[in-house]
Amino acid sequence: MTQYIEAKEYIDTVLIPLIPFQMQIDSAIEVNAFQKEWTTALVNELEKELTGRMMLLPPYYYVKTTAKEAELSRVSAWVEEAQHQPFKHVFFLTLDAAWKKHEQALPGTLLWLPGMKSGDLYSADMHRFIRDQVEQMSELIRSYW
């Protein structure tokens, strides 16, 4: 935050990870946990790549089974709070395809990636895959600038 405050005149983009939470189905617990870790690794790398222009906000957690319409007002409140700072661009990153149906109602740009359900986050292959995703997303974000 100290870095942001010192350089906020240059940081015009905010990224909000959208992360589902679900406890009803045991297999979903494992998938959601893996996807949360994968998303965290991805957004941390993306923040490093775009340091000086983008700020990563804390993840927005939601119950996966809750209607997205109900979540839209909460997400909008997050964006409204963030826009007290001079952010021109708001991006949401998610692996949950359900957000695509509500993309137009989001107060920003949705970056949806099809998510993997499992894997070794610490493998060299996974690291290369994350780097490839970061390069593509950072190019897309730069196109908005």
Side-chain angles (χ1 to χ4, degrees), residues 1-5 8 11-85 87-145:
M1 282 302 174
T2 303
Q3 287 178 331
Y4 166 71
I5 292 170
K8 75 181 190 177
I11 300 172
D12 63 353
T13 303
V14 67
L15 176 64
I16 304 170
L18 302 174
I19 300 184
F21 173 77
Q22 180 177 347
M23 297 293 294
Q24 294 176 351
I25 305 167
D26 289 348
S27 61
I29 294 171
E30 291 178 18
V31 169
N32 287 340
F34 174 79
Q35 289 185 341
K36 181 235 178 244
E37 293 299 318
W38 192 81
T39 301
T40 300
L42 189 66
V43 296
N44 286 338
E45 286 296 314
L46 191 56
E47 181 184 36
K48 286 179 195 171
E49 180 78 19
L50 299 174
T51 295
R53 242 351 249 279
M54 184 185 80
M55 180 178 175
L56 175 62
L57 288 188
Y60 176 85
Y61 290 96
Y62 60 94
V63 176
K64 188 167 177 84
T65 56
T66 301
K68 296 296 180 280
E69 294 84 0
E71 295 297 337
L72 285 169
S73 65
R74 288 184 54 219
V75 167
S76 294
W78 273 51
V79 172
E80 187 177 311
E81 180 64 25
Q83 288 181 327
H84 286 281
Q85 297 296 318
F87 296 119
K88 295 177 187 162
H89 308 284
V90 176
F91 290 92
F92 300 96
L93 186 130
T94 188
L95 305 179
D96 184 355
W99 282 103
K100 287 295 288 174
K101 293 179 186 174
H102 305 281
E103 184 172 8
Q104 298 301 320
L106 282 169
T109 303
L110 181 67
L111 302 173
W112 171 74
L113 297 171
M116 295 184 286
K117 296 184 187 259
S118 65
D120 180 4
L121 285 172
Y122 304 103
S123 72
D125 287 340
M126 185 67 75
H127 183 71
R128 279 191 295 279
F129 182 70
I130 289 172
R131 274 304 318 150
D132 289 345
Q133 293 293 315
V134 166
E135 286 175 20
Q136 291 176 41
M137 282 191 298
S138 53
E139 186 177 315
L140 176 64
I141 290 170
R142 284 184 181 107
S143 75
Y144 282 82
W145 294 340

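Quick note: numbers below take in every heavy atom, side chains included, and nothing from hydrogens, waters or symmetry partners.
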In terms of heavy-atom contacts, Pro17 and Pro58 come closest through CD-O, 4.1 Å
Given the rule in the side chain to side chain contact (heavy atoms under 4.5 Å, CB included) test, do Arg142 and Ser138 qualify, once you have shown the distances and angles that lead to the verdict? CA-CA 6 Å; Arg142 284 184 181 107; Ser138 53; 3.5 Å; yes
Heavy-atom distance under 4.5 Å between the side chains of Val90 and Gln83, does that happen here? yes
Could you give the distance from CE (Met137) to CG (Asp132), rounded to the nearest 0.5 Å? 11.0 Å
How long is the gap from CD1 on Ile29 to CZ on Phe21, to the nearest 0.5 Å? 8.0 Å
If you draw a 6.0 Å radius around CD in Glu69, do more than 12 non-hydrogen atoms from other residues or ligands fall strictly inside? yes
Only one of Val14, Leu57, Val79 forms a side chain to side chain contact (heavy atoms under 4.5 Å, CB included) with Phe92, so which one is it? Val79
Here the gap from Leu15 atom CG to Met55 atom CE, rounded to the nearest 0.5 Å, amounts to 11.0 Å
Are the side chains of Leu50 and Thr13 in contact, using a 4.5 Å heavy-atom criterion? no
In Å, rounded to the nearest 0.5 Å, how long is the span from OH of Tyr144 to CG of Asp12? 14.0 Å
Heavy-atom check, side chain of Asp96 versus side chain of Lys64, under 4.5 Å: yes
If the plane angle is over 60° it's perpendicular, under 30° parallel, otherwise tilted; pick one for Tyr60 and Tyr62. parallel
Within the structure provided, determine whether Leu140 and Thr109 are in side-chain contact (heavy-atom separation under 4.5 Å). no
Considering only heavy atoms from C-beta outward, does the side chain of Pro20 approach that of Leu95 to under 4.5 Å? no
Testing Glu49, Glu47, Lys48 for side chain to side chain contact (heavy atoms under 4.5 Å, CB included) with Glu45, which one passes? Lys48
Apply side chain to side chain contact (heavy atoms under 4.5 Å, CB included) to the pair Ile16 and Val75, showing each step before the final yes or no. CA-CA 9 Å; Ile16 304 170; Val75 167; 5.8 Å; no
Kindly indicate whether the side chain of Phe91, heavy atoms from C-beta on, has any atom under 4.5 Å from the side chain of Leu106. no
Would you check if Leu46 and Ile141 make a side-chain contact, meaning some heavy-atom pair closer than 4.5 Å? yes
With side chain to side chain contact (heavy atoms under 4.5 Å, CB included) as the test, would you mind laying out the steps for Leu111 and Trp99 before giving the verdict? CA-CA 10 Å; Leu111 302 173; Trp99 282 103; over 6 Å; no
Measuring from Thr94:OG1 to Gln35:CD, what's the distance to the nearest 0.5 Å? 8.5 Å
Closest contact, heavy atoms only, Arg74 versus Tyr61: NH2-O, 4.0 Å
Taking the side chain as C-beta and beyond, is there a heavy-atom pair between Val31 and Gln22 under 4.5 Å? no
Pairing of Glu71 and Lys68 as salt bridge, 4.0 angstrom limit: no
CH2 (Trp78) and CD (Glu81) are apart, to the nearest 0.5 Å, by 10.5 Å
